[in-house]
Amino acid sequence: MPKELKFPVVRPDVPEPNTWKPYLDSLYASNQFSNFGQYWIQLAREVENYFPSSTCIPVANNTLGQVSVLQGINVRNKKVMLSNFTFSATLHAVIQAGGIPCLLDVDPISGELTIETISKGIREFGKPEVVIYTRTFGARRQIDAISEFLVAESIKFLVDAAAGFPTQTDQTQPNECIEVFSFHATKALGIGEAGAIVGNSSMMERIKQATNFGFASSETFRDGTNAKLDEFSCIRALAGLKEYSRVAEARQKFVSLAYASIYSTEKFITLENDGSWGWSLFPIKFDAETTLDKFARCALSLGLSGKRYYFPSMQQGYVGTANVLKVKDLSQSEAWARRTYCLPTYGRYSQAESEEIALIVQRSLEQIC
Ligand SMILES: Cc1ncc(COP(=O)(O)O)c(C=O)c1O
């Protein structure tokens, strides 16, 4: 096994056993370990506190959450547009739900879809049933204008917000938009494997049925899967939510302390640290892949891990058997995929550690400037 570097790319903030063990007695007393039990209901309510006008369906993970949304909507043999710059799970979800994936390009500054890139896709392929918008690296940008555009075009809107659980109450979730989060151990709100579907769409009941094998009545079932979140995961998620504001604040502080020198460097693009998201990873988009390699090699030699993420792009990486459509020009999403490197963000660290990482980053930047 390779030797672990001093600063690993992930230092999970999974809740300690003493924070969720107290729930176990009443869990065993209830005798219900899955299928929308008491802690599933409690978790849904607590997530809904972050989204006052929406309902929540806790799920086994983000991937199955997205599959369930697409099955609930029914995308079989219909086009679903998604970014070329996302994690493989987004593409897998479309394929698993029987949709026809159609890859779009992104904005050069945000790395995300825009009305322009979606419109280009519509010009080349016609209107899709659904557009999936990936909130890259968990950033929570305003998406109202895109939502209004899609509503006007009668296109449904799914937001893959895997790492984008908000740090405060979010009043901005647009009408008819459905977001899916991941509570994977690598995320700021990380508990192992889990996720949540959140939305105020009229489709939510149908989507909940899709998470439960598609059962619509005792005699019939539609397309569906098993995306139910069991009660053990729910209690870890409840404990994680209790800790989340502290963890998110610590991660934001870590980003300011460790990566200050990156913010002051004009040559690179990164995310602004505006305090509204939880930071799972800290992305840097370099001017070229060779610069990325030089930076990464130097940082690694000094003990700081990192990783390329949303790499490879969907068009370059996917070698499965589904037919994947793509717009002619994917150059911006390819640049993001090939030139982005992610550094760790920690919720637990000492002042000395954050200072050492800041120094490693500074040294690595000197190598490439
Ligand atoms: C954009 C995106 N979508 C989906 C996923 C998959 O989430 P999960 O592991 O909960 O299925 C990830 C995982 O990190 C992701 O980054």
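What's counted below: heavy atoms across the whole structure, side chains too, no hydrogens, waters or symmetry copies.
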(Q) I need the minimum non-hydrogen distance between Gln171 and Pro52, along with the two atoms involved. (A) OE1-CG, 3.7 Å

Q. Is it true that a side-chain atom of Ser30 and a backbone atom of Gln32 form a donor plus acceptor pair closer than 3.5 Å?
A. yes

**Q.** Whether over 12 other heavy atoms sit under 6.0 Å from Lys78 NZ
**A.** yes

Q) Below 4.5 Å, heavy atoms only, C-beta onward: do Thr90 and Val94 meet side chain to side chain? A) no

Q | Arg135/Asp160 ion pair, N-O < 4.0 Å | A | no

Q. Does NZ or CZ of Arg11 lie under 6.0 Å from the centre of the six-membered ring of Tyr346, at an angle within 45° of the ring axis?
A. yes

Q) Considering only heavy atoms from C-beta outward, does the side chain of Thr134 approach that of Leu82 to under 4.5 Å? A) no

**Q.** Same apolar cluster: Ile191 and Phe232, side chain cutoff 4.5 Å
**A.** yes

Q | Residues Arg45, Glu48: salt bridge by 4.0 Å N-O rule | A | yes

**Q.** SB check Lys6 Glu356 (cutoff 4.0 Å)
**A.** yes

(Q) I'd like to check Ile360 versus Phe7 (side-chain heavy atoms, cut-off strictly below 4.5 Å). Are they in contact? (A) yes

Q | Contact summary for Ile143 and Pro174, nearest pair of heavy atoms | A | CG1-CG, 4.0 Å

Q.
Run Glu334 and Arg339 through salt bridge (Lys or Arg N to Asp or Glu O under 4.0 Å) and show every step you take.
A. CA-CA 8 Å; Glu334 285 303 317; Arg339 293 170 15 202; over 6 Å; no

Q. Does any N or O in the side chain of Ser119 come within less than 3.5 Å of the main-chain N or O of Ile115, such that one atom is a donor and the other an acceptor?
A. yes

Q | Met203-Val67 co-clustered via ILVMFWY side chain contacts under 4.5 Å | A | no

Q: Working to the nearest 0.5 Å, report the span between OG of Ser54 and CG of Asn175.
A: 8.5 Å

Q) Distance from Ile146 atom CD1 to Ile118 atom CD1, nearest 0.5 Å? A) 5.0 Å

**Q.** Short N-O contact, Arg251 and Asp13, less than 4.0 angstrom
**A.** yes

Q) Is a donor on one side and an acceptor on the other found under 3.5 Å between the side chain of Glu112 and the backbone of Thr136? A) yes

Q. Just by modelled atom types, is the Ser83 backbone N or O under 3.5 Å from a matching donor or acceptor in the Thr86 side chain?
A. no

Q.
Are Phe282 and Phe254 an aromatic pair, judged by ring center distance below 6.0 Å?
A. no

(Q) Measuring only between side-chain heavy atoms, which start at C-beta, is Val180 closer than 4.5 Å to Val159? (A) no

Q.
I'd like to know if the side chain of Trp336 and the backbone of Lys285 have a donor-acceptor N/O pair within less than 3.5 Å.
A. no

Q) When you look at CZ of Arg363, are more than 12 heavy atoms from neighbouring residues, nucleotides or ligands closer to it than 6.0 Å? A) no

(Q) Please tell me whether Phe181 and Phe51 form a close aromatic pair, meaning their ring centres lie under 6.0 Å apart. (A) yes

Q) Is Lys326 salt-bridged to Glu124, going by a charged N under 4.0 Å from an acidic O? A) no

Q.
Rounded at 0.5 Å granularity, tell me how far CG in Leu70 sits from OG1 in Thr225.
A. 12.0 Å

Q. Any sub-3.5 Å donor-acceptor pair from Thr19's side-chain atoms to Glu16's backbone N or O?
A. yes

Q.
So, applying side-chain hydrogen bond (donor to acceptor under 3.5 Å, both in side chains) with Ser333, which one of Asp107, Thr117, Asn84 is it?
A. Asn84

Q) Do the side-chain N and O atoms of Ser182 and Asn62 include a donor-acceptor pair separated by under 3.5 angstrom? A) no

Q | Glu129 with Lys79: basic N within carboxylate O range, under 4.0 Å | A | no

**Q.** Heavy atoms from other residues, nucleotides or ligands near CD of Glu249 exceed 12 (cutoff 6.0 Å)
**A.** no

Q) With hydrophobic residues grouped by side-chain heavy-atom distances under 4.5 Å, do Trp20 and Val14 end up in a single group? A) no

**Q.** Nearest heavy atoms of Ala248 and Thr167, plus distance in Å
**A.** CB-CG2, 3.5 Å

Q: Evaluate the side-chain proximity of Thr340 to Ile284: yes if any heavy-atom separation is below 4.5 Å, no if none is.
A: no

Q. Are any side-chain N or O atoms of Tyr244 and backbone N or O atoms of Phe165, one a donor and one an acceptor, separated by less than 3.5 Å?
A. yes

Q. Counting only heavy atoms not in Phe33, do more than 12 sit closer than 6.0 Å to its CZ atom?
A. yes

(Q) Could you check whether any side-chain N or O of Arg222 sits under 3.5 Å from a backbone N or O of Phe213, counting only pairs where one atom can act as donor and the other as acceptor? (A) no

Q: Can you measure from CG (Asp105) to CG (Leu113) and round to the nearest 0.5 angstrom?
A: 9.0 Å

Q. How many angstroms lie between CG in Leu43 and CG in Leu238, if you round to the nearest 0.5 Å?
A. 5.0 Å

Q. Judged by atom type as modelled, is there a donor-acceptor pair below 3.5 Å linking the side chain of Glu231 to the main-chain atoms of Gln38?
A. yes

Q. Are Val69 and Leu64 connected in the hydrophobic side-chain network, where two residues link if heavy atoms are under 4.5 Å apart?
A. no

Q.
Using ring centroids (six-membered ring only for Trp), state whether Tyr310 and Phe87 fall under 6.0 Å.
A. no

Q. Taking all atoms of both residues into account, what is the closest heavy-atom pair of Met81 and Gly126, and its distance?
A. CE-O, 3.5 Å

Q: Output yes when a side-chain donor or acceptor of Asn200 lies under 3.5 Å from a complementary backbone atom of Glu176, and no otherwise.
A: yes

Q) Taking the six-membered ring of Phe36 as reference, does the NZ or CZ atom of Lys208 fall below 6.0 Å from its centre and within a 45° cone about the axis? A) yes

Q. From Ile235 CD1 over to Asp230 CG, what is the distance, rounded to the nearest 0.5 angstrom?
A. 9.0 Å

Q) Does a sphere of radius 6.0 Å around NZ in Lys242 hold more than 12 heavy atoms from other residues, nucleotides or ligands, not counting ones at 6.0 Å or beyond? A) no

**Q.** Pair Lys127 + Glu153, salt bridge at N-O below 4.0 Å
**A.** yes

**Q.** Electrostatic pair Arg140-Asp170, nearest N-O below 4.0 angstrom
**A.** yes

Q. Heavy-atom distance under 4.5 Å between the side chains of Val198 and Ile178, does that happen here?
A. no

(Q) If I compare all heavy atoms of Ser280 with all of Thr186, which pair ends up nearest, and what's the gap? (A) CB-O, 3.9 Å

Q: Verify whether one side chain among Ser261 and Gln362 offers a donor that lies under 3.5 Å from an acceptor in the other.
A: no

Q: May I ask whether Leu281 and Phe311 are part of the same hydrophobic cluster, defined by side-chain heavy atoms of I, L, V, M, F, W, Y residues being less than 4.5 angstrom apart, directly or through others?
A: no

Q: Give me the ring orientation class for Phe295 and Phe286: parallel if the planes are under 30° apart, tilted from 30 to 60°, perpendicular past 60°.
A: tilted

Q | Considering all heavy atoms, the nearest Asn323-Pro101 contact | A | O-CD, 3.5 Å

Q. Taking side chain as C-beta onward, heavy atoms only, is Thr169 less than 4.5 Å from Asn49?
A. no

Q | Heavy-atom side-chain contact between Ile122 and Ile155 under 4.5 Å | A | yes

(Q) Evaluate Tyr39 against Ser26 for side-chain hydrogen bond (donor to acceptor under 3.5 Å, both in side chains), listing each step before the verdict. (A) CA-CA 10 Å; Tyr39 290 120; Ser26 96; 2.4 Å; yes

Q) Is any NZ, NE, NH1 or NH2 atom of the basic residue among Arg246 and Glu243 found under 4.0 Å from an Asp or Glu carboxylate oxygen of the other? A) yes

